[in-house]
Each structure stands twice: as C-alpha cells, then as structure tokens.
Amino acid sequence: MSVEKIKTEEKSLNFLEEIVEEDLASGKYKSIVTRFPPEPNGYLHIGHAKSICLNFGLALKYGGKTNLRFDDTNPVKEDVEYVDSIKEDVKWLGFEWSQELYASDYFDQLYAFAVDLIKKGLAYVDDSTPEEIAAQKGTPTEPGKGNEFRNRSIEENLDLFAKMKAGEFPDGAKVLRAKIDLASPNMHMRDPLMYRIKHAHHHRTGDAWCIYPMYDFAHGQSDSIEHVTHSICTLEFIPHRELYDWFIDKLEIFPSHQYEFSRLNMTYTVMSKRKLLQLVEEKMVDGWNDPRMPTIAGFRRRGYTPESIRLFCDKIGVQKRENLIDLSLLEFCVREDLNRNAVRRMAVLDPVKLVITNYPEGQVEELIGENNPEAEDGGGTRSIPFSKELWIEREDFMEEPPKKFFRLGVGLTVRLKYAYIVKCTGFKKDDAGDVTEVYAEYIPESRSGHDTSGINVKGTIHWVSVQNALTAEVRLYDRLFKVENPSNEEGDFKEYINPDSLQVLPIVFIEPALAEAVPGAPYQFLRKGYFCLDENSSSDKLIFNRTVGLKDTWAKEVKKG
RNA sequence: UGCCCGAUAGUAUAAUGGUAGUACGACAGUUUUUGGUACUGUUUGUCGUGGUUCGAGUCCAUGUCGGGCAACCA
C-alpha cells in the first residue's frame, strides 16, 4: 500500500481527541479521567450512547479511566429503577466503568464546600421567593439588582445555612446563593442558587438530608473530587462553564475542565427524556423498551446489537454544530453487522398456498440450507422439509406480471430457495377475486446442489412446507413519527406519531428450525429482513420483532411505477 | 437585539494557509440460488461581501442565517 493510501485511510481526530492529545503531549496530564454522568430520572437513549461511546472511548483510546457517576441531586425526580436500567444499558453497550459513583456520595463534602464559600463571603442565604429571585435577576439585556439578604453577615449566613440543613425551614423558605455578579452578561453568574430545601426522600441517602445541591454546585465539584480531567457535556452547558470554573477556583480544588459537544438528533424520532417519558406515561408506546423507542433498551428489544450502535456512534462523529442524523445511517450500521452475523431462516409473512402438482403426495424431503452465506464455512447448515404443498408470499405471485417481475405468474419459472426450480401452471381464486392457490410443476433434476437441468432462472423465492410449518407472531415496526423532525413542527409533537409504526401479524409460517430460536440472537428471514425473538416470546407462542428490513430495490422499482 | 456557540453536497463528517475528500442517501450498472450482500460508476458542496497572501473552506473585518442563555431541573 502506498504512503498516500495509508494517509488517506487514517482516521482524523475529532476536536476532543485533539485536546486530549495536546494535554497528554504537553504533560498537563499523565493519563485522563472521564465520566458518564446520567441523572437517574429516565432511560438512556441513543443520544446517551453517543456520550457513552465518547467518554469511554476516549479513556480506552488514551489509556485512562471512566467513572459512571449518577447525578442524583434532585430526589423528587429520581429512582432506583432508572439507576438499574442505566447500569444495564452501559454494560450492554460493552463498556466497563472504573467506579460506580453518585453525586449523593459527596453530600457531606459538598456541604463543607458551601460552608467554605460562606466563610469566604462568597455565598449567602436568601429568603426571597422564586418569583422575587427571578425578578431580581433582570433579563439578558438588563442587569439584575440585589436585595437586603445579599448583605447578611457571614455569621448569620453560617447559622441560617446550618438551620436549613437541620430542617428548621419548610421547602422553598430559603436558598443558599453564590455571591458573584448580578450584572453579569452571563445569566448563570447572577448569584446562582447552590442549595434548596426539599424535604424529600432520596433513593440513596434516605431522609438524611432536607437540603440538596443544585446541578451547578454539584457537578463540577464531583468532577474535581474524582480528578476528572476532561468533563464532557452537551452544548447547552456552555454558559455554565464560567460558573463551573468559578466554583473550582474559589474552592481551590482540583481543576477539572468542561468541554462541550453537540447532542445527537435523529430523523423520525424525539430525543428528550421529557418527551420519551410522556410517550411512556401516556401509553403511546409499550414502555421504555418498546422497540420503537430510541432508548437503548428499545433498540436492544428491537434486535439492534451493541456493535451496530457503537459503529453508528463512530460514524456520526463529534462536533459542536447542531445536527439531524439520517435514520438510514443507523439502519445501515445495523444491517452491516447483522448481514455478517444473522442466521438465515425462511418465514412466510403473508401466505398463499403453492401446490406442486407433479410432486408425490405425502412425500417429505429433507433439504439442506446453509445458515449464513457471509460466513466462511457458510455458517453450518440446517435441514428444511420440502413437500407437495408450500406456503409462499402472496406478493411473489401475480396474475398479470409486468416484464421485470422475476417471480411467479402463469408460465414463469423461479427457483425455490435450497430446493427445486418450478414452473407456474395456474392458480385458483375465490368469489372475492383473491388468489387462494397457485399451481406449479417442479423440475426433479434441478434440486439445489444437484442441478443438471441447465435451466437458468432470474428469481429465487422463499417458502415453508405447509405440513411442517410452525407458526409465530411477527411484529413489524416502522418509524415512530411521520415527520423528520417532530420537535420542530407546530403544536404537540405527539400529533405526528406514525399510526402505522406497529403492524402485528398474528400468524406467520416459519420453518421448523426456528423452533430453536434463541433469545438475543439475530435471524435473517430470507428476503424479508432481520428479526429477533421478543422478550415476551415463549415456546408455546413464538414472537419475532423485525429489527430492520432488507434493502428492497424491487419495492423502489414498483413505487416508481 | 445583552452575552455565548455555530455555519463545507440531501444528511453527517474530513481537509490544521497549498489538488475540497470520505460515509450514508439517491441514481446507473456488474455479480448473485436472498430484487440481500459484494463490486464499479454517476450526481450534488465551502452562507454573503470586503481584506491579508504567490495562494483562503481555513486568517482578519463585516453582514446574514441557525441555535442556546433569565427552572428552588439536569
């Protein structure tokens, strides 16, 4: 390979990798520490996967470590259910955290930090109502103004803050604020809140506390305590950075640094926990792990693999500009993985009966089918029963086939996959005009692997032997929303939900080998797409979810007309 | 109209003052016992205007457009 060739194939660094390489090269750090800091108030979605891949990926690439730290400073919204799901999802994606930590682990330390700032004259207790505080903050174009509480003595502040902690005041009666600059052009510097009173039960600290730190007074300090070198978050936190640095500076603690990248947006879905929670609570979907949800749990149930999601995160890159990624890129990534790894099977989703008129009544032949043509050895084989009556797809027969239709129609020949070439001789319709049976004659010397017929056919179709068929329920999923960017549309985003996002096929005929289908394993139903067993599937009732369809150039052709 | 961030094909993402490249998509073709896969080819781009320079997507100025910021949320 030429030098140029190698050079062009070398993947360029994203801006965060560049920063890390510079910091390592300059000796600023010997190794890096990152963290993934979810709030346990919802399930992780594909946008979090981007952040997870970034944070863990950086540490993996440059030899550092990544902590999983729950940002659990608001007890009224948080729950252990979410903690558990988040841990499961991160693990499933294939990452191992160095330590499992909680911002709530630092409540004592954070309290001491606050006391330190009070002693330095940099924080005060304010008795104002939320409305008063908002009004006194001014607006982005007008400076805010102070109030009488701002000038309380250090002693009084210390006393009041201790009483806040001791539970002497009701919720909302007082807050602790940083004393910074009410005229700052950065709204976040206009004496931000540090602590508020909430007599609420916390999922970890129980009833030990009735004051809880705000995000801004918890996140940076938690990073600092953990010696996080690169604290990576999304763009909306840019204005918080000045405050992040201010607290670290005034507290004189380890200087973690914050860097921001743009969050992931994807077409035909929504990516905010608030909206996803709404879909769950209003039962628009079957829970957080509904296969139509953009949650990690949803993708897992849908049959997406960790590899495919990691590949996707790698392909979308990292930048600071707003973006809206094509869903087709994610689908490309999952097909790429599944094409290599999914076991091939046959299933007839919309059946019509094909009768091989010259095949002996009652005879059953066991034919051999390779499990995966992409695998080196074909992935092994399985046995498939063939008989006189077969199920084939309704769409594989046409009464009046157009020129480029390489399937069945009277007089047309096709290969039955793994079996014989058949020639269509006729069909039967019912009173409603629907085709009920298709007739064909097989060519005995055309059997797969032993074909001496010399006949060439353009098309190959899949089938399942009627007398040996098993049945299953199949769930076909489509995009959750009808429009590319539901959040950008007028009105409520829920108005744009795709009414056809789930199609249930109660009875689908599948080949016998599928009785041994394994949960979590990917299957390709030939010519139909990739499927996996649903979590509610049982040996009595098999249920398959369609992960993604195959690319279908014929469907495109038909659409064009 | 205060502050902050951003702008490269349809969508993403490179080019670090020196040939605007890659992927997905779309389109066309080759191969094929999956109208899949693989392979080949085609298509479409530096937000505008000035300036610096032998040379600007890149640096400077200015304008335009998009996004964010005034939760006791994170």
Side-chain angles (χ1 to χ4, degrees), chain A residues 8-9 11-14 18 37-39 41 71-74 76-78 126 128-130 133-135 137-144 171-177 184-188 190 193-198 211-212 214-216 218-219 233-242 260 262 267 273-274 315-333 335-336 339-340 344 346 373-374 404-407 414-419 421 446 448-449 451 456-462 484 524-529 549-558:
Chain A
T8 54
E9 284 184 359
K11 212 178 166 245
S12 51
L13 303 176
N14 66 48
E18 277 178 15
E39 182 188 13
N41 68 344
D71 237 330
D72 55 350
T73 57
N74 186 3
V76 302
K77 286 190 176 173
E78 295 152 8
D126 192 330
S128 307
T129 64
I133 289 178
K137 259 191 187 171
T139 68
T141 53
E142 300 162 47
D171 286 7
K174 289 178 166 44
V175 291
L176 183 71
R177 289 226 257 170
S184 171
N186 182 347
M187 296 299 291
H188 294 273
R190 320 246 267 222
L193 271 59
M194 292 163 59
Y195 269 91
R196 75 288 217 194
I197 301 171
K198 274 180 198 272
I211 56 171
Y212 292 94
M214 299 287 291
Y215 166 86
D216 286 308
H219 201 99
C233 60
T234 45
L235 254 30
E236 66 271 25
F237 290 98
I238 289 177
H240 294 250
R241 190 175 59 224
E242 192 179 353
E260 311 86 9
S262 53
T267 54
K273 275 201 250 180
R274 201 196 90 243
K315 283 188 172 300
I316 57 180
V318 181
Q319 253 307 332
K320 298 187 75 150
R321 39 183 116 98
E322 292 299 325
N323 57 76
L324 182 63
I325 311 275
D326 250 319
L327 176 62
S328 61
L329 181 60
L330 213 212
E331 293 185 337
F332 166 82
C333 290
R335 286 194 188 106
E336 176 114 317
N339 175 52
R340 262 200 314 274
R344 270 58 170 177
M346 294 197 289
E374 301 295 318
K404 286 196 286 186
F405 187 75
F406 305 137
R407 306 179 190 183
V414 294
R415 158 78 59 185
L416 294 172
K417 182 73 179 179
Y418 310 123
I421 291 172
S446 68
S448 276
D451 189 350
N456 268 325
V457 292
K458 277 257 174 61
T460 299
I461 65 172
H462 61 280
E484 278 206 336
Q524 185 196 106
F525 290 177
L526 243 46
R527 303 207 300 143
K528 285 287 148 192
L550 257 23
K551 266 172 89 181
D552 191 346
T553 52
W554 172 247
K556 236 184 273 181
E557 187 81 17
V558 170

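Proteins come first, then strands; the chains are lettered A, B, ... in the order of their sequence lines, and each starts at number 1. No experiment lies behind these values; they were computed from the predicted model shown.
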* To do: Could you list the residues that satisfy side-chain hydrogen bond (donor to acceptor under 3.5 Å, both in side chains) with A/Arg196, not counting sequence neighbours?
  => none

* Could I get the full list of side-chain hydrogen bond (donor to acceptor under 3.5 Å, both in side chains) partners for A/Tyr212, not counting sequence neighbours? => none

Counting only side-chain N and O atoms of [X], is one of them less than 4.0 Å from OP1 or OP2 of [N]?
X	N	result
A/Gln319	B/A14	yes
A/Arg527	B/G36	no
A/Arg340	B/U37	no
A/Arg321	B/U13	yes
A/Arg196	B/A71	no
A/Thr73	B/A74	yes

For [X], give me all partners under side chain to side chain contact (heavy atoms under 4.5 Å, CB included), at least two apart in sequence or on another chain.
X	result
A/Lys551	A/Arg335
A/Glu242	A/Asn186, A/Met189
A/Ala218	A/Thr73, A/Leu110, A/Pro213
A/Thr129	A/Glu131, A/Glu132

Can you check nucleotides 40-48 of chain B for protein contacts, nitrogen or oxygen pairs under 3.5 Å, and list what you find?
none

* Structure fact -> Sorted by chain and residue number, the salt bridge (charged side-chain N to carboxylate O under 4.0 Å, His left out) partners of A/Arg415 (sequence neighbours excluded) come out as A/Asp451

* Asked: Quick one: salt bridge (charged side-chain N to carboxylate O under 4.0 Å, His left out) partners of A/Asp552, sequence neighbours excluded?
  -> none

Shorter than 3.5 Å, N or O on both sides, protein versus nucleotides 1-4 of chain B: list them out with atom names.
| from | atom 1 | to | atom 2 | distance (Å) |
| --- | --- | --- | --- | --- |
| B/G2 | N3 | A/Pro140 | O | 3.1 |

* Structure fact -> Comparing nearest nucleotides in RNA chain B, the 5'-proximal residue of the pair A/His188, A/Asp451 is A/Asp451

* More 5' along RNA chain B: A/Asp171 or A/Asn14, using each one's nearest nucleotide? -> A/Asn14

* So, A/Tyr215 and B/A74: ring centres less than 5.5 Å apart, planes less than 30° off, yes or no? -> no

Give me the distances for all protein-to-nucleotides 25-32 of chain B N/O pairs that come in under 3.5 Å?
| from | atom 1 | to | atom 2 | distance (Å) |
| --- | --- | --- | --- | --- |
| B/A26 | OP1 | A/Lys556 | NZ | 3.0 |
| B/C27 | OP2 | A/Lys556 | NZ | 3.4 |
| B/A28 | OP1 | A/Lys560 | NZ | 3.4 |

* **Among A/Lys417, A/Arg344, A/Arg527, side-chain hydrogen bond (donor to acceptor under 3.5 Å, both in side chains) partner for A/His462** => A/Arg527

* **Dot-bracket encoding per residue of RNA chain B, Watson-Crick/G-U cut-off under 3.5 Å, | denoting interstrand** => .((((((..((((....[..)))).(((((.......)))))....(((((..]....))))))))))).....

